[in-house]
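Input: a single structure, listed below in structure tokens.
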Number of protein chains: 2
Amino acid sequence: MNMMAPEEEPVKDGLKPQAPGLVLSDPSPQEAADLLREGLRRGRFNAIACGCTVDYEGRSSSKLSWGERLVLVKRDGSLLIHRPTGLEPVNWQPPGAIFDVKVKGGRLIVTGNRISPRERVVIEADRISMVASLEMGDPGEFSMTMTEEELREAVLENPSLVEEGFKPISSELEEPTGFMDVVGRDRHGRMAVVELKRAVASREAAHQLLRYVEPLRRSNKGLRGILAAPGFARGVKRLLHESGLEYVTINLAKAREELRKARGERLLDYVSKRS
Amino acid sequence: MNMMAPEEEPVKDGLKPQAPGLVLSDPSPQEAADLLREGLRRGRFNAIACGCTVDYEGRSSSKLSWGERLVLVKRDGSLLIHRPTGLEPVNWQPPGAIFDVKVKGGRLIVTGNRISPRERVVIEADRISMVASLEMGDPGEFSMTMTEEELREAVLENPSLVEEGFKPISSELEEPTGFMDVVGRDRHGRMAVVELKRAVASREAAHQLLRYVEPLRRSNKGLRGILAAPGFARGVKRLLHESGLEYVTINLAKAREELRKARGERLLDYVSKRS
DNA sequence: TGCTAAATCTCGAAC
DNA sequence: GTTCGAGGTTTAGCA
């Protein structure tokens, strides 16, 4: 078995303060268990490469027979088990799991327990090829653009993205049938419900709009329903037409530009007020 | 920098056949790049613990400022970037990405490119604390029980789970409005469309059922629509009633038992035929 | 805690 | 390739 500590020589005493993390290659199950336990205690990011079986019991139940995987155990109680291919973990546990680590019959056994819903993942590992227990600090900020929420903002900033003369009244309005993205009046004063999609709109999107519009039409015969998206799956335009609904093709690049412009103006406004 | 090879001594010649994988601690960006490139060439499972920034451009676009993360690069072109907490990767690339690995300005730069949709993830890493490039074989079989598909099987095996006297006619029947889980006749010969949910049924599930049933009612006035689920969100039962639909509370444990029994019988049947 | 709807959803299956 | 629906979906937001 090999043992390494980044930035310094191998540390035998796992309890030595401020150890920046450890990596063991080909550890015994006991050594792996000790390092994982210490890592959990210290709030480290732990990774175990091993041959293992995995059992899950909870919302569903699953069995995974023996194979080599990478197991990730995070300090917030997240667990991920990754096979050598595929984006998605084959088994997992969302944050909040409580872990039990033990050695039994020469195997490393890691159990992740969660309540609400009650569920459990049991990993039985032999042939552990690596255990890493790493101190990780991540102060980084994550920002994303052109979510549906930003598309909604863009429409509120420049309603002509939907239609010339469209005037939004409210957004995210709740009705018994659900939340409507944008509600407003067209240039003729007719009410319109707009459902926004940031990607190609499917049949389901059309039905989503219909379920908002239909009940409201009982009291408002002239209510328009508009599905606004950069594109439409085959048959969706026809489906909309049959339901008395409409579609608008949204120019995403233009929406992005509108949003950028509006934010720029607000920033300039803010700066001029302060200067 | 330390260097290790599980099962054998450190291998300097990265091209040596059948190297079972390598782990580097505190490598230079160049060493990390070399090992990652070799790992990709050899179809290994690669993991990099590093301080990095991440940019994404594609279906959306995102920026992640500097922090310490674990980057996973799989042989099928999957990429995952995990922060120290949270179940979901902060950035990723589904299978099929083509990777470019280089060193520039003292940094390790890993780019994952995908076509259809066109998207790109760029990782710029400094302070690399670990790179692991691991041979992994995973012949394991994964099986899961009590998916919606199995619930459907259970209902087909024992239709009384839905209603006494219910006789299924077809399942997964496609209509212009979508796929209906189960269609059959009740004890009085009335047609019924059954929508199954393996978890608490939401408003959306009720509307999903309605969109199958409503068009069919034009030609079949007496058509019943039944939402069958282990539970129902607040207001869903009322919504169903208002739409002329019905609900049935499914006993999941009983469904599981029915399925187990039916499969057992088929197995016995199979065995008796062979003996 | 329950519920709604988005997501760079992913994944598999069918057409 | 497109479309559709399930998922142990997860996650954020809100009552």
Atom pairs under 3.5 Å, N or O on each side, protein against nucleotides 1-3 of chain C: can you list them with distances?
from	atom 1	to	atom 2	distance (Å)
C:dC3	OP1	B:Arg234	N	2.6

Quiz item: How is A:Thr147 classified with respect to the nucleic acid when contacts are heavy atoms under 4.0 Å: base, sugar-phosphate, or nothing?
Solution: sugar-phosphate

Exercise. Please determine if a side-chain N or O atom of A:Arg211 lies less than 4.0 Å away from the OP1 or OP2 oxygen of C:dA5.
Key: yes

Quiz item: Got a salt bridge between B:Lys254 and B:Glu257, using NZ or NE/NH1/NH2 to carboxylate O under 4.0 Å?
Solution: no

Quiz item: Taking OP1 and OP2 of D:dA6, is either one under 4.0 Å from a side-chain nitrogen or oxygen of B:Lys197?
Solution: yes

Quiz item: For atom CZ of A:Arg224, is the number of surrounding heavy atoms from other residues, nucleotides or ligands below 6.0 Å larger than 12?
Solution: yes

Self-check item: Spacing of B:Asn91 atom CG relative to C:dT10 atom P, expressed in whole Å
Solution: 12 Å

Quiz item: What does A:Ser61 touch in the nucleic acid at a heavy-atom separation under 4.0 angstrom: a base, only the sugar-phosphate, or nothing?
Solution: nothing

Quiz item: Rounded to whole angstrom units, what separation is found between the CE atom of B:Met144 and the P atom of C:dT10?
Solution: 18 Å

Practice problem: Could you state the atom-to-atom distance from CD1 of A:Ile81 to P of D:dG8 in whole Å? | Solution: 14 Å

Quiz prompt | B:Pro94 versus A:Leu87, closest heavy-atom pair with distance | solution = CA-CD2, 4.0 Å

Quiz item: Going by heavy atoms in the side chains, are A:Arg69 and A:Ile123 under 4.5 Å from each other?
Solution: no

Practice problem: For B:Glu150, report the nucleic acid contact type (base, sugar-phosphate, nothing); a contact means any heavy atom under 4.0 Å. | Solution: nothing

Quiz item: Taking the side chain of A:Ser202 as its heavy atoms from C-beta onward, which of C:dA7, D:dA6, D:dC4 lies nearest to it?
Solution: D:dC4

Quiz prompt | Check against side-chain hydrogen bond (donor to acceptor under 3.5 Å, both in side chains), A:Lys74 and A:Gln93 | solution = CA-CA 10 Å; A:Lys74 298 192 187 186; A:Gln93 205 73 288; over 6 Å; no

Practice problem: Provide, to the nearest angstrom, the distance between the CD atom belonging to A:Glu148 and the C1' atom belonging to C:dT8. | Solution: 14 Å

Exercise. Rounded to the nearest angstrom, tell me the gap between atom CD1 in B:Ile115 and atom C1' in C:dT8.
Key: 17 Å

Quiz prompt | Rounded interatomic separation in angstrom, taking CE from A:Met180 and P from C:dT4 | solution = 15 Å

Quiz item: For A:Gly178, which contact category applies under a 4.0 Å heavy-atom criterion: base, sugar-phosphate, or nothing?
Solution: sugar-phosphate

Practice problem: Report, as yes or no, whether the 6.0 Å neighbourhood of atom OH on A:Tyr247 holds more than 12 heavy atoms from other residues, nucleotides or ligands. | Solution: no

Quiz item: In terms of the nearest nucleotide of DNA chain D, which residue is placed more toward the 5' end: A:Ser60 or A:Glu204?
Solution: A:Glu204

Exercise. Give the minimum heavy-atom separation between B:Val73 and B:Phe99, together with the two atoms involved.
Key: CG1-CE1, 3.5 Å

Quiz item: Taking it one step at a time, do A:Ser171 and A:Asp181 satisfy side-chain hydrogen bond (donor to acceptor under 3.5 Å, both in side chains)?
Solution: CA-CA 5 Å; A:Ser171 78; A:Asp181 284 340; over 6 Å; no

Quiz item: Can you give one letter per nucleotide of nucleotides 9-15 of chain D, 5' to 3': B if a protein heavy atom sits under 4.0 Å from the base, S if only from the sugar-phosphate, - if neither?
Solution: SSS----

Quiz prompt | Phosphate OP1/OP2 of C:dA7: any B:Tyr56 side-chain N/O under 4.0 Å | solution = no

Quiz item: Using a cut-off of 4.0 Å on non-hydrogen atoms, how would the nucleic acid contact of B:Glu195 be classed: base, sugar-phosphate, or nothing?
Solution: sugar-phosphate

Practice problem: Could you measure between the two P atoms, the one in D:dG8 and the one in D:dC4, and give it in whole Å? | Solution: 22 Å

Quiz item: Does atom CZ of A:Arg234 have more than 12 heavy-atom neighbours, drawn from other residues, nucleotides or ligands, at distances under 6.0 Å?
Solution: no

Practice problem: Can you see which heavy atom on B:Val182 is nearest to which on B:Pro168, and at what distance? | Solution: CG1-CB, 4.1 Å

Practice problem: Could you measure between the two P atoms, the one in C:dT4 and the one in C:dT8, and give it in whole Å? | Solution: 22 Å

Practice problem: Have a look at B:Phe142 and say if it touches a base, only the backbone sugar-phosphate, or nothing, with a 4.0 Å heavy-atom cut-off. | Solution: nothing

Quiz item: Does a side chain donor of either B:Thr145 or A:Ser61 reach within less than 3.5 Å of an acceptor in the other side chain?
Solution: yes

Quiz item: Nearest-Å distance, CG (B:Asp181) to P (D:dC4)?
Solution: 16 Å

Quiz item: Would you say A:Gln208 reaches C:dT4's phosphate, i.e. side-chain N/O to OP1/OP2 under 4.0 Å?
Solution: no

Exercise. Could you state the atom-to-atom distance from CG of B:Leu79 to C1' of C:dT10 in whole Å?
Key: 15 Å

